[in-house]
Structures are given as C-alpha cells and as structure tokens.
Amino acid sequence: MIGAEIIFNEKETVIIGTYNFAYIFVSCGSKTGDWMVAAGSSFKERYTWMDRPLQIGDKIKIRIVETEQTSQPLITQQSDRKKMKARYE
C-alpha cells in the first residue's frame, strides 16, 4: 500500500497507511490551537496514529512510501456503518 512516513522532531517515526485512505492534517495559527493529526480509515475501522499539539520550532518531515506494515495506531475505532449511511442520506 502507499502510505506516509512521518518523522516528528527527528525523534519519533510513524508510518501510516490503509488500503482505503489516510491523511495528515496540520493546523497552524488557528483560534483552536496549533495541532497535527495523522489518521485514516478502512471500511470497518478508523485509525489515529498521531494527535498532538504543535509548538514553534517543531520539525515535521513527511515522505510518501510503499509499505506493507504501518506503525501501531494510538486509537482504533470501529466504524458505525448505520451512522455513515444516515449522514450520506
């Protein structure tokens, strides 16, 4: 699968990816604070690999990779297909 390798402050490395989709969201200068989320979803589960505040001076490197194995997610949640269908309709 195609995924992403994230190196945070040259100390922590996380590899994210699913066969459905994965994303990295970085928010800077927002009223709600500076934040980074790396998450994704398969059809049955949602995954969160990183969910952390950002500070001035943080260094984030992102590299697109081909991978068969991702890092262990911090959070794995079951997708509620009934809620997904209701939102769609």
For the residue pair I64 and I2, establish whether any side-chain heavy-atom pair is separated by less than 4.5 Å. yes
If you round to the nearest 0.5 Å, how far is OH of Y47 from CD of Q72? 10.0 Å
Taking the side chain as C-beta and beyond, is there a heavy-atom pair between L74 and W49 under 4.5 Å? no
Check whether more than 12 heavy atoms from other residues, nucleotides or ligands sit under 6.0 Å from atom CD of E66, and answer yes or no. yes
Identify the heavy atoms of G17 and A22 that sit nearest to each other, and give their distance. CA-CB, 4.0 Å
Between CD1 on residue I24 and CE on residue M36, distance to nearest 0.5 Å: 5.5 Å
Are I16 and Y23 side-chain neighbours, meaning at least one heavy-atom pair lies under 4.5 Å? no
From R46 atom CZ to N20 atom CG, the distance as rounded to the nearest 0.5 Å: 12.5 Å
Is any side-chain heavy atom of T48 closer than 4.5 Å to one of P73? no
Once you round to the nearest 0.5 Å, how far does OG of S41 lie from OH of Y19? 15.0 Å
Residues at least two apart in sequence or cross-chain that pass salt bridge (charged side-chain N to carboxylate O under 4.0 Å, His left out) with E12, listed by chain then number, are R52
Is the shortest side-chain heavy-atom distance between I62 and F8 below 4.5 Å? no
Taking salt bridge (charged side-chain N to carboxylate O under 4.0 Å, His left out) as the definition, give me every residue that meets it alongside K11, ordered by chain and number, with sequence neighbours left out. none
Here the gap from D51 atom CG to F25 atom CZ, rounded to the nearest 0.5 Å, amounts to 11.0 Å
Nearest 0.5 Å, please: how far is CG in D34 from CD1 in I56? 7.5 Å
Are the side chain of T18 and the backbone of F21 linked by a donor-acceptor contact shorter than 3.5 Å? yes
Test item: T67 side-chain N/O and T70 main-chain N/O as donor-acceptor pair under 3.5 Å: no
Is there a donor-acceptor contact under 3.5 Å from the side chain of N9 to the main chain of K59? yes
Just wondering, do I6 and T13 contact through their side chains at under 4.5 Å, heavy atoms? no
